[in-house]
Protein chains: 2
Amino acid sequence: MVIKKYIYLCSMFSLAEENYLKAIYHLEQQAKGEVSTNAIAERMDTKPSSVTDMVQKLAEKKLLSYKRYKGVLLTADGRKTAANVIRKHRLWEVFLVEKLNFHWDEVHEIAEQLEHVHSEELISRLDKFLGSPDFDPHGDPIPDKHGNVKRTEKKLLSELEKKQRGVCVGVRESSSEFLQYLDKKKITIGTKITVLGKEFFDGSMIIQVGRDQFFISKKIGENLYVQTL
Amino acid sequence: MVIKKYIYLCSMFSLAEENYLKAIYHLEQQAKGEVSTNAIAERMDTKPSSVTDMVQKLAEKKLLSYKRYKGVLLTADGRKTAANVIRKHRLWEVFLVEKLNFHWDEVHEIAEQLEHVHSEELISRLDKFLGSPDFDPHGDPIPDKHGNVKRTEKKLLSELEKKQRGVCVGVRESSSEFLQYLDKKKITIGTKITVLGKEFFDGSMIIQVGRDQFFISKKIGENLYVQTL
DNA sequence: AAATATTTTTAGACTTATCTAAATTATCAG
DNA sequence: CTGATAATTTAGATAAGTCTAAAAATATTT
């Protein structure tokens, strides 16, 4: 039997290319406007010179537009490709949490690998198997197969005022440390939170979660998304 | 957020190394004895000179023993590593067929990619999720986490004599063409087959499957494993 | 607006895994 | 046992993706 080699390297885009597109996609959402070489380098933990090389390559492939010294913007093609990688990442995260009972702070690195498996059919079937979820375990929206994302009007918990209530719909940062803190406090997607008090001096809050009342710092409030009730 | 790069390239062995180990493992099982450079090259669809390079690298890592012009043999370490990759491949195949309803002739290429995802925990949980299966959808045994394989005493259908019965337990070749032929004839793992007649001239047979009786060539009989009943 | 600092790019080098072509070793037939 | 053939290895080159160091462009400060 002869083994076909590197099936997945033939599939349109390389691992490195997909990772660059994904990073640029995320940076575009935050920054609104051209994404700088340095920003990409920092996010990907590489050197700016490496970014320049790759960005030129992606520009030749029409996945982004690039002018020397001016930063980059994804083209429609590039955005769709990036969204597709993110779709795969988030679907796999749902699989890991819902089916394999991983904890929501354990799935990122594994999904980081799974997202590069190339097979349209696989993702389509995985999506169906999971019941076509709209959000991943951290509350982030899962792009559809055309790369479109359902945008929801969510706020940061820190934007709520005293006496307002909200339901947790996602996290802005998803480091293990933060997710484990939330677990300890019994906060997860769907948890209802009431603001009992807010300190203007340092932005800290007293909140109620179930029967428990406790203090949270500004940093916590600025990393938790809620929808007001 | 800073993204750690190439998490999975840090995980002990590269994609290429894992593929070489897997190929050599399979060749060792067939060949009984040293595996030649040319045999590896043919199976992996590369050139012998590339094989020599990689084999020297794997020898330095103590994954196999190599003497110039004499071929290679896996060490215990190498064999265990290879078996682990095969374990992952076959568990993913079970997942694809049992959970995502893929057909048994569609799963190989996808599993070929999934097998390189590095996470012990993932495989351990996947195994449990699937009910710790012993065989993949083609009837091939799934090595346990220590790399040990349950060997079963299976025969080729072509070894059966007239009037003997057997249950299909696997296929020797698993090309799409062959698997699709078997489907057309309603033969799958677990199907009972009775030999009604055998032609010594060309090795062809007349067999009974369910209510159907039909002719099969020698080549078919030599690629189907059965356990006698 | 010139001087300084920062960002970005270029140039050249390295690593991994591959290739071709040439050289070497082994094997087999007579 | 010797020469022909086949298998294997070596040497040098290539491509992708990265790096360092230096040069060029842009931004900021005074």
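First the proteins, then the strands, lettered A, B, ... as listed; each starts at 1.
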Rounded to whole angstrom units, what separation is found between the [atom1] atom of [X] and the [atom2] atom of [N]?
X	N	atom1	atom2	answer
E17(B)	dT18(C)	CD	P	10 Å
E34(B)	dA7(D)	CD	P	17 Å
D53(A)	dA16(D)	CG	P	12 Å
M44(B)	dC19(C)	CE	C1'	15 Å
M54(B)	dT8(D)	CE	C1'	17 Å
K47(A)	dT10(C)	NZ	P	19 Å
K70(B)	dT24(C)	NZ	P	19 Å
Q56(B)	dT10(D)	CD	P	5 Å

With respect to the side chain of [X], which nucleotide from [options] is positioned closest?
X	options	value
T46(A)	dT18(D), dT18(C), dA21(D)	dT18(D)
T37(B)	dT18(D), dA24(D), dT8(D)	dT8(D)
A16(B)	dT8(D), dT18(C), dC19(C)	dT18(C)
S49(A)	dT9(D), dA21(D), dT8(D)	dA21(D)

May I ask you to verify if any side-chain N or O of [X] is less than 4.0 angstrom from the OP1 or OP2 atom of [N]?
X	N	result
N38(B)	dA6(D)	no
Y69(B)	dT10(D)	no
T52(A)	dT9(C)	yes
Y20(B)	dT16(C)	no
S50(B)	dC19(C)	yes
R68(A)	dT10(C)	yes

Quick one, [X] and [Y] - any side-chain contact, counting heavy atoms below 4.5 Å?
X	Y	result
H89(A)	V85(A)	no
D127(B)	F95(B)	no
I110(A)	L96(A)	yes

Between R172(B) and E222(B), does at least one N-O distance fall below 4.0 Å, as a salt bridge requires?
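No.
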Quiz item: cation-pi between K99(B) and F129(B), 6.0 Å / 45°
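Flagged: K99(B) positioned over aromatic ring of F129(B).
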